[in-house]
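Each remark here refers to the structure printed beneath this line.
Since this is a predicted model, take the numbers as computed values, not measurements. Both backbone and side-chain heavy atoms feed into the values below; hydrogens, waters and symmetry mates do not.
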Amino acid sequence: MIDAPAALSSTQAIAKELDEARRRGPLQTIVIPPSPDILERMRKAMASAEPDLNEIATSDVAMSAQLIKSANSPAYNTGQPVQTIGQAMNRLGLDITAAEMTRFIVTHALPVRSAQLARFWERSSKRAVAMGYIATKLPGMSLDVAHTYGLFCHVGMPVMLQSVKGYAGTLVEANARIDRSFIATENSNHRTDHAVVGALVARMWKLSPTVMAAIRRHHDLDMLGTDGDDAEMHTLVATGLVAEHLMRRHEGLDADADWKQHKERVQAWLLVDDDELSHWEEELAPLLDIT
């Protein structure tokens with residue numbers, strides 16, 4: 001008797017969907033910039049038994065300067081200003097150093113020069129910081145995975161802007177329409193959306209499969225806690241919505257439609273109440289101020 005093939009996990013199914021769309025579907029024409037070599041080197045260093053980022057950090061003067069600037073910021077400054085990259089890395093610690101380096105590398109690898117996405121990397125960086133902070137509050141959540149998801153969550157937008165004709169107009173239309181969702185407008189105009197394209201970037205750049213899946217499904221909020229078998233992916237999506245909400249609070253903006261509709265589902269999945277969210281908001285504020 002031949003055993004039946006095991007059912008694909010939700011993450012595996014998403015990977016298969018992306019590969020198929022890349023071969024014969026709407027993703028054929030999407031141009032994905034190559035993953036920077038320095039990011040690959042950093043990943044390999046972090047995967048070693050004793051990670052050493054010093055050689056990578058010192059290979060780019062601008063990145064070294066950014067790390068020193070971060071270490072001297074109010075969020076991390078605990079005494080005398082640091083003056084060397086080694087001092088900066090010691091103060092920040094391995095995880096924060098890696099997160100800061102990733103953010104620097106990615107924002108320079110995918111420059112955004114568009115009025116429609118004028119604050120794209122600023123907000124992505126804030127989301128990554130918020131995700132990293134929340135990761136320290138949720139048992140078992142990886143800071144690296146959380147930060148990476150926050151940074152790449154909407155990366156499909158600048159990629160589509162660079163390679164899809166008419167996408168700049170779609171951004172304007174999607175933000176203005178109230179009769180359908182943002183990604184519904186994208187799909188109507190281009191047969192794909194930024195969640196799919198962002199997941200493709202994550203797959204081609206060999207990011208964590210969980211990050212890839214969470215990017216693909218970050219607008220499928222009805223699925224939280226009810227669909228699929230990847231609990232970590234659900235947690236990333238839920239945490240991303242919390243991070244977005246806390247960012248909006250910090251900016252003095254009203255809660256968006258996603259938060260109003262899915263707040264209870266998200267808090268139930270993460271096991272956090274309103275008091276805890278208020279505490280997070282207070283602690284996160286100085287970190288968002290310097291991002």
CZ/R113: more than 12 non-hydrogen atoms of other groups inside 6.0 Å: no
Starting from the C-alpha separation in whole Å, work towards a yes-or-no answer on salt bridge (Lys or Arg N to Asp or Glu O under 4.0 Å) for E100 and R103. CA-CA 5 Å; E100 290 288 329; R103 181 168 43 158; 2.4 Å; yes
Under 4.5 Å between any side-chain heavy atoms of Q261 and L221, yes or no? no
Do the side chains of L207 and M212 get nearer than 4.5 Å, heavy atoms only? no
Taking atom CG of D254 as the centre, does the number of heavy atoms from other residues, nucleotides or ligands within less than 6.0 Å exceed 12? no
Ignoring hydrogens and angles, tell me if any N or O in the side chain of W121 forms a donor-acceptor pair with the backbone of L110 under 3.5 Å. yes
Quick one: pull up CE in M247 and CG in L253 and give me the separation to the nearest 0.5 Å. 9.5 Å
What's the spacing between R180 CZ and T185 OG1 if we round to 0.5 Å? 4.0 Å
Side-chain (T148) to main-chain (D144) donor-acceptor, under 3.5 angstrom: yes
So does D222 get a backbone contact from the side chain of R265, meaning a donor-acceptor N/O pair under 3.5 Å? yes
For residues I183 and M223: do they belong to one hydrophobic cluster (side chain heavy atoms under 4.5 Å, members Ile, Leu, Val, Met, Phe, Trp, Tyr)? no
To the nearest 0.5 Å, atom OG of S114 lies from atom CG of L171 at 6.5 Å
Are any of the side-chain nitrogens in K137 or E276 under 4.0 Å away from the carboxylate oxygens of its partner? no
D60 and H108, any side-chain heavy atoms less than 4.5 Å apart: no
Short side-chain to backbone donor-acceptor contact, E186 and T192, under 3.5 Å: no
Got M157 and F182 here, is their nearest side-chain heavy-atom distance under 4.5 Å? yes
How about H218 and H194: are their ring centroids closer than 6.0 Å? yes
How many angstroms lie between CD1 in I134 and CG in L277, if you round to the nearest 0.5 Å? 8.0 Å
Less than 4.5 Å apart, any side-chain heavy atom of V196 and any of D193? yes
Taking the side chain as every heavy atom from C-beta outward, state whether S59 and R41 have any pair of such atoms under 4.5 Å apart. yes
Check for a donor-acceptor pair, side chain of T210 on one end and backbone N or O of M233 on the other, with a separation under 3.5 Å. no
Non-hydrogen atoms of Y76 and S70 that approach each other most closely: CD1-O, 3.3 Å
Flag if over 12 foreign heavy atoms under 6.0 Å of CD, E264: no
Between the side chain of W205 and the main-chain N/O of P33, is any donor-acceptor distance below 3.5 Å? yes
Is it the case that atom CD in E282 sees more than 12 heavy atoms from other parts of the structure closer than 6.0 Å? no
Would you indicate whether R91, at its atom CZ, is surrounded by more than 12 heavy atoms from other residues, nucleotides or ligands within a distance under 6.0 Å? yes
Is E251 atom CD crowded by more than 12 heavy atoms from other residues, nucleotides or ligands, each under 6.0 Å away? yes
Option from K16, R22, R23 for which salt bridge (Lys or Arg N to Asp or Glu O under 4.0 Å) with E20 holds: R23
Could you state the interatomic distance from OG1 (T102) to CD1 (I38), rounded to the nearest 0.5 Å? 10.0 Å
Whether the side chain of Q87 engages the backbone of Q83 through a donor-acceptor N/O pair (distance < 3.5 Å, no angle test) should be reported. yes
Salt-bridge present (R216, E17; N to O < 4.0 Å): yes
Any chance the rings of Y167 and H190 have centres within less than 6.0 Å? yes
Carefully, step by step, assess D258 and H245 under the rule side-chain hydrogen bond (donor to acceptor under 3.5 Å, both in side chains). CA-CA 9 Å; D258 282 344; H245 174 65; over 6 Å; no
Evaluate the side-chain proximity of L270 to T235: yes if any heavy-atom separation is below 4.5 Å, no if none is. yes
Reported CG-to-CG distance for the pair L27 and D19, which is rounded to 0.5 angstrom: 10.0 Å
With a 4.5 Å cut-off on side-chain heavy atoms, are W280 and V242 touching? yes
